[in-house]
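Everything on this sheet refers to the single structure shown next.
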Amino acid sequence: AGWFRRLLHKPKPSSVESSLNTSRSSSSSSSTSSSKSSGSSPSTSLSGSIPMSPVSALDINASGSARWGKTYDVCICHSEVDLELVEELVSYLEGQPESFRCFLQLRDATPGGAVVTELCNAVQNSHCWVMLITPSFLQDPWCKYQMHQALAEAPMANGRTIPVLKDVDRKDYPKELRNLFYIYMALKEKSFRQIRDTVVRYLQELCRSSTSGME
């Protein structure tokens with residue numbers, strides 16, 4: 001009689017499962033309804049809808065990154081007349097989360113070093129070269145020399161040479177660079193950001209190529 005009474009009062013497992021299934025069904029129905037009302041698929045998420053770069057800024061900064069194969073990330077080729085603007089650009093790039101390593105001639109050239117040697121070393125030891133092309137740049141033989149060194153180092157460019165025009169007519173754009181797109185500096189902040197993004201893209205591609213070569 002005792003076991004018969006216990007059997008009568010024992011809760012049915014099916015009722016618990018039914019409750020859970022009902023809850024799941026309700027939650028699923030709510031999610032589906034919400035997705036339909038927003039016009040997107042239930043499986044679509046924000047991260048899935050935005051294409052992500054295979055190489056992130058964190059990868060660029062990683063200790064084993066191909067980025068560290070050279071001393072500098074960016075060499076700024078400029079006329080001395082434009083030094084104030086260049087110092088602003090360098091300050092901007094070095095203050096970014098990537099902490100770009102910039103070669104600034106007045107600051108980083110070896111005292112007593114030959115000008116030709118220092119300019120060549122700066123080009124060879126940098127991943128990217130920003131050519132700040134101004135009226136003064138076009139008149140400076142050392143700027144043209146450094147520009148030619150950069151083009152000789154990487155004739156196909158691939159984003160390494162970054163021409164930036166300021167106060168120069170398009171017709172005066174150096175013929176040696178006419179196979180390259182340039183940044184026209186109208187708004188300084190926007191141009192600085194474009195330069196930064198171009199350097200990031202090159203370093204990302206460098207890291208991607210290096211990783212593919214190791215596989």
Side-chain angles (χ1 to χ4, degrees), residues 47-48 50-78 85-110 116-133 137 143-166 173-174 176-185 188-215:
S47 59
I50 299 176
M52 301 299 289
S53 171
V55 181
S56 67
L58 181 61
D59 295 317
I60 292 174
N61 293 334
S63 58
S65 168
R67 173 187 179 185
W68 309 117
K70 291 186 179 291
T71 307
Y72 301 101
D73 298 310
V74 189
C75 173
I76 315 293
C77 305
H78 66 95
L85 175 61
V86 171
E87 287 178 331
E88 287 185 59
L89 173 59
V90 168
S91 177
Y92 172 84
L93 293 173
E94 293 182 340
Q96 293 301 298
E98 297 83 7
S99 299
F100 292 113
R101 299 162 301 157
C102 299
F103 177 87
L104 182 60
Q105 183 178 324
L106 187 65
R107 179 189 68 185
D108 300 312
T110 303
V116 171
T117 302
E118 291 300 311
L119 294 181
C120 287
N121 286 342
V123 168
Q124 293 170 358
N125 292 322
S126 301
H127 287 297
C128 298
W129 312 294
V130 172
M131 305 287 168
L132 182 59
I133 302 171
F137 180 101
C143 289
K144 292 186 177 181
Y145 176 81
Q146 199 168 26
M147 177 181 70
H148 290 146
Q149 289 300 312
L151 292 173
E153 185 77 12
M156 300 306 292
N158 296 325
R160 295 187 68 180
T161 302
I162 309 170
V164 180
L165 268 65
K166 185 178 188 299
Y173 185 46
E176 299 92 333
L177 300 175
R178 286 182 183 171
N179 64 320
L180 304 177
F181 286 110
Y182 57 81
I183 296 170
Y184 189 82
M185 186 176 288
K188 185 167 56 180
E189 293 77 8
K190 180 181 178 181
S191 300
F192 284 7
R193 186 167 61 251
Q194 287 178 298
I195 294 169
R196 178 258 176 198
D197 291 346
T198 305
V199 175
V200 167
R201 279 195 298 271
Y202 175 78
L203 293 178
Q204 287 178 337
E205 185 58 38
L206 178 69
C207 291
R208 186 183 300 113
S209 300
S210 175
T211 302
S212 299
M214 295 174 62
E215 294 176 351

Open item on the list: Strictly distance-based, threshold 3.5 Å: is any side-chain N or O of Arg160 a donor or acceptor partner for the main-chain N or O of His127?
Closed with: yes
Open item on the list: When you compare the side chain of Arg67 with that of Phe100, does any pair of heavy atoms fall below 4.5 Å?
Closed with: yes
Open item on the list: Does any part of the side chain of Cys77, heavy atoms only, come nearer than 4.5 Å to the side chain of Tyr145, both counted from C-beta?
Closed with: no
TODO: Kindly indicate whether the side chain of Leu177, heavy atoms from C-beta on, has any atom under 4.5 Å from the side chain of Ile133.
DONE: yes
Task: Leu119 vs Gln105, side-chain contact (heavy atoms from CB on, under 4.5 Å): CA-CA, chis, key distance, verdict - done: CA-CA 8 Å; Leu119 294 181; Gln105 183 178 324; 3.5 Å; yes
Open item on the list: Tell me if a side-chain donor or acceptor on Glu118 pairs with a main-chain N or O of Thr110 at a distance below 3.5 Å.
Closed with: yes
- [ ] Would you name the heavy atoms of Ala62 and Trp68 that are closest together and state the gap between them?
- [x] O-NE1, 2.7 Å
Open item on the list: When you measure from the side chain of Trp129 to the backbone of Val123, do you find a donor-acceptor pair of N or O atoms at a distance under 3.5 Å?
Closed with: yes
Open item on the list: Just to verify, what does Arg107 make a salt bridge (charged side-chain N to carboxylate O under 4.0 Å, His left out) with, not counting sequence neighbours?
Closed with: Glu94
Task: From Asp108 atom CG to Asn125 atom CG, the distance as rounded to the nearest 0.5 Å - done: 11.5 Å
TODO: Check whether any side-chain N or O of Arg101 sits under 3.5 Å from a backbone N or O of Lys70 as a donor-acceptor pair, and report yes or no.
DONE: yes
Open item on the list: Nearest 0.5 angstrom please: Ile162 CD1 to Arg196 CZ, how far?
Closed with: 12.0 Å
Task: Within-4.5 Å side-chain heavy-atom neighbours: Leu93 and Val199 - done: no
TODO: Identify, with sequence neighbours excluded, every residue that meets salt bridge (charged side-chain N to carboxylate O under 4.0 Å, His left out) alongside Lys144.
DONE: none
- [ ] Mind checking salt bridge (charged side-chain N to carboxylate O under 4.0 Å, His left out) for Glu176 and listing every partner two or more places apart, or none if nothing turns up?
- [x] none
Open item on the list: Counting C-beta onward and ignoring hydrogens, is there a side-chain heavy-atom pair between Cys207 and Gln204 closer than 4.5 Å?
Closed with: no
TODO: Spell out, as yes or no, whether a donor-acceptor pair under 3.5 Å connects the side chain of Ser65 to the backbone of Asn61.
DONE: no
TODO: Drop me the distance from Arg193's CZ to Ile183's CD1, to the nearest 0.5 angstrom.
DONE: 11.0 Å
Task: Check: His78 and Phe137 side chains under 4.5 Å, non-hydrogen atoms - done: no
Task: Side chain proximity check, Leu206 to Ile60, heavy atoms < 4.5 angstrom - done: no
Task: Heavy-atom side-chain proximity of Glu88 to Phe192 below 4.5 angstrom - done: yes
Open item on the list: Quick check for you: to the nearest 0.5 Å, what is the distance between Ser191 atom OG and Tyr92 atom OH?
Closed with: 10.5 Å
- [ ] Spell out, as yes or no, whether a donor-acceptor pair under 3.5 Å connects the side chain of Thr198 to the backbone of Gln194.
- [x] yes
Open item on the list: Return the SG to CD distance between Cys75 and Glu153, rounded to the nearest 0.5 Å.
Closed with: 11.0 Å
Open item on the list: I need the Asp73 CG to Ser126 OG distance, nearest 0.5 Å.
Closed with: 8.5 Å
